[in-house]
Amino acid sequence: MLAHQVEEYGYPGGFPTVTNLMVMGEKDIPDRYPLNANQCMISNTLLTYFFYIAAISFPGLIWLGLAQVGLGLFQVLAHGIAVPVRIKRLYNPGLATTLFLFLPVGIYYIRYVTTNNLASTGDFVLGFFVTFGAVVALFLLPIILLRSKQSKYPFSEAEMRRFAG
C-alpha cells in the first residue's frame, strides 16, 4: 500500500488532480473538493493501514486476508478500467502498483490459500462482504463525510500540477 500511495501522491503523483478535476469534474476548487489533503491523510494512513495491519496481525483469519486482497483487486478495477475510461487515458497515478503489486499478490494469495485448503467457502463469502465494506469505510465514507468546499486542507499547487492536462 505504501508503494501505491507513493505512486498516487509522490512520484509521479497527481491523484488529487485526476480524481477531483478529471473524474469528478470539479472546475472551481479542485485543490480541495471533493478530496482534500486531510481526508486523504485519514483514509490513506489511519484507516487503510489499520485494515492492512489487521490482516497481517491475524494471519489465521483467512477471510480478513481475502478482504485485504479483494481491496487490492478492487483497486485494479478502479485504476485499470474505471478511471482510464473516465479520463480517456491509459495511465493514471496508482495504475502501475495495482497491476504489478496488488494483482500478482492477490492472485498468489488466493491460489495459495485455495491450494493449501486454508480457505472455506465461508471465508470467501465473508472476505467478499468485508472487501465491499472496506471500500465503503476506507474510501467512500471519508470522501462523503469530509468533503468541504471551504476545506482548510487544499492540496499544494505543485501536487495539482503533477498530472494536469
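FYI, the numbering just counts along the sequence from 1.
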Show every donor-acceptor pair shorter than 3.5 Å between a side-chain atom in residues 54-71 and any protein atom, with sequence neighbours excluded, or say none if there are none.
{"from": "S57", "atom 1": "OG", "to": "I53", "atom 2": "O", "distance (Å)": "2.8"}
{"from": "Q68", "atom 1": "NE2", "to": "Y52", "atom 2": "OH", "distance (Å)": "3.4"}

Might you point out which heavy atoms bring [X] and [Y] nearest each other, and give the distance in Å?
{"X": "L138", "Y": "P142", "result": "O-CG, 3.5 Å"}
{"X": "I143", "Y": "P34", "result": "CG2-CB, 4.2 Å"}
{"X": "Y49", "Y": "Q5", "result": "OH-OE1, 2.7 Å"}
{"X": "A37", "Y": "P154", "result": "CB-O, 3.9 Å"}

Would you say [X] and [Y] are hydrophobically clustered, going by side-chain heavy atoms of ILVMFWY under 4.5 Å?
{"X": "I42", "Y": "V135", "answer": "yes"}
{"X": "L46", "Y": "V136", "answer": "yes"}
{"X": "Y112", "Y": "L73", "answer": "yes"}
{"X": "L126", "Y": "F74", "answer": "yes"}

Counting N and O atoms only, with roles assigned by atom type, does the side chain of [X] sit under 3.5 Å from a partner on the main chain of [Y], one being a donor and the other an acceptor?
{"X": "T97", "Y": "G94", "result": "yes"}
{"X": "E7", "Y": "G13", "result": "no"}
{"X": "T98", "Y": "L95", "result": "yes"}
{"X": "N36", "Y": "L146", "result": "yes"}
{"X": "R86", "Y": "T19", "result": "no"}

Within-4.5 Å side-chain heavy-atom neighbours: [X] and [Y]:
{"X": "V18", "Y": "P93", "value": "yes"}
{"X": "F51", "Y": "V130", "value": "yes"}
{"X": "P16", "Y": "M160", "value": "yes"}

Kindly compute the distance separating [atom1] ([X]) from [atom2] ([Y]), expressed to the nearest 0.5 Å.
{"X": "N20", "Y": "R32", "atom1": "CG", "atom2": "CZ", "answer": "11.0 Å"}
{"X": "S151", "Y": "L35", "atom1": "OG", "atom2": "CG", "answer": "10.5 Å"}
{"X": "N44", "Y": "Y9", "atom1": "CG", "atom2": "OH", "answer": "4.5 Å"}
{"X": "M41", "Y": "L47", "atom1": "CE", "atom2": "CG", "answer": "9.5 Å"}
{"X": "L99", "Y": "Q75", "atom1": "CG", "atom2": "CD", "answer": "11.5 Å"}

Mind telling me whether H4 and H79 have parallel, tilted or perpendicular rings, with 30° and 60° as the class edges?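 If you compare the ring of H79 with that of H4, the planes turn out perpendicular.
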Identify each donor-acceptor pair in which a side-chain atom of residues 100-110 lies under 3.5 Å from a protein atom, sequence neighbours left out, and give them as a table.
none

Chi angles and distances behind the side-chain contact (heavy atoms from CB on, under 4.5 Å) call for E26, L21: CA-CA 5 Å; E26 176 57 46; L21 186 65; 5.8 Å; no
Is it the case that over 12 heavy atoms from other parts of the model lie below 6.0 angstrom from the [atom1] atom of [X]?
{"X": "Y91", "atom1": "OH", "result": "yes"}
{"X": "L145", "atom1": "CG", "result": "yes"}
{"X": "F132", "atom1": "CZ", "result": "no"}

side-chain contact (heavy atoms from CB on, under 4.5 Å) between T114 and F124, intermediate numbers included: CA-CA 10 Å; T114 303; F124 280 100; 3.6 Å; yes
Worked verdict on F155 versus T17 for side-chain contact (heavy atoms from CB on, under 4.5 Å): CA-CA 9 Å; F155 293 101; T17 298; over 6 Å; no
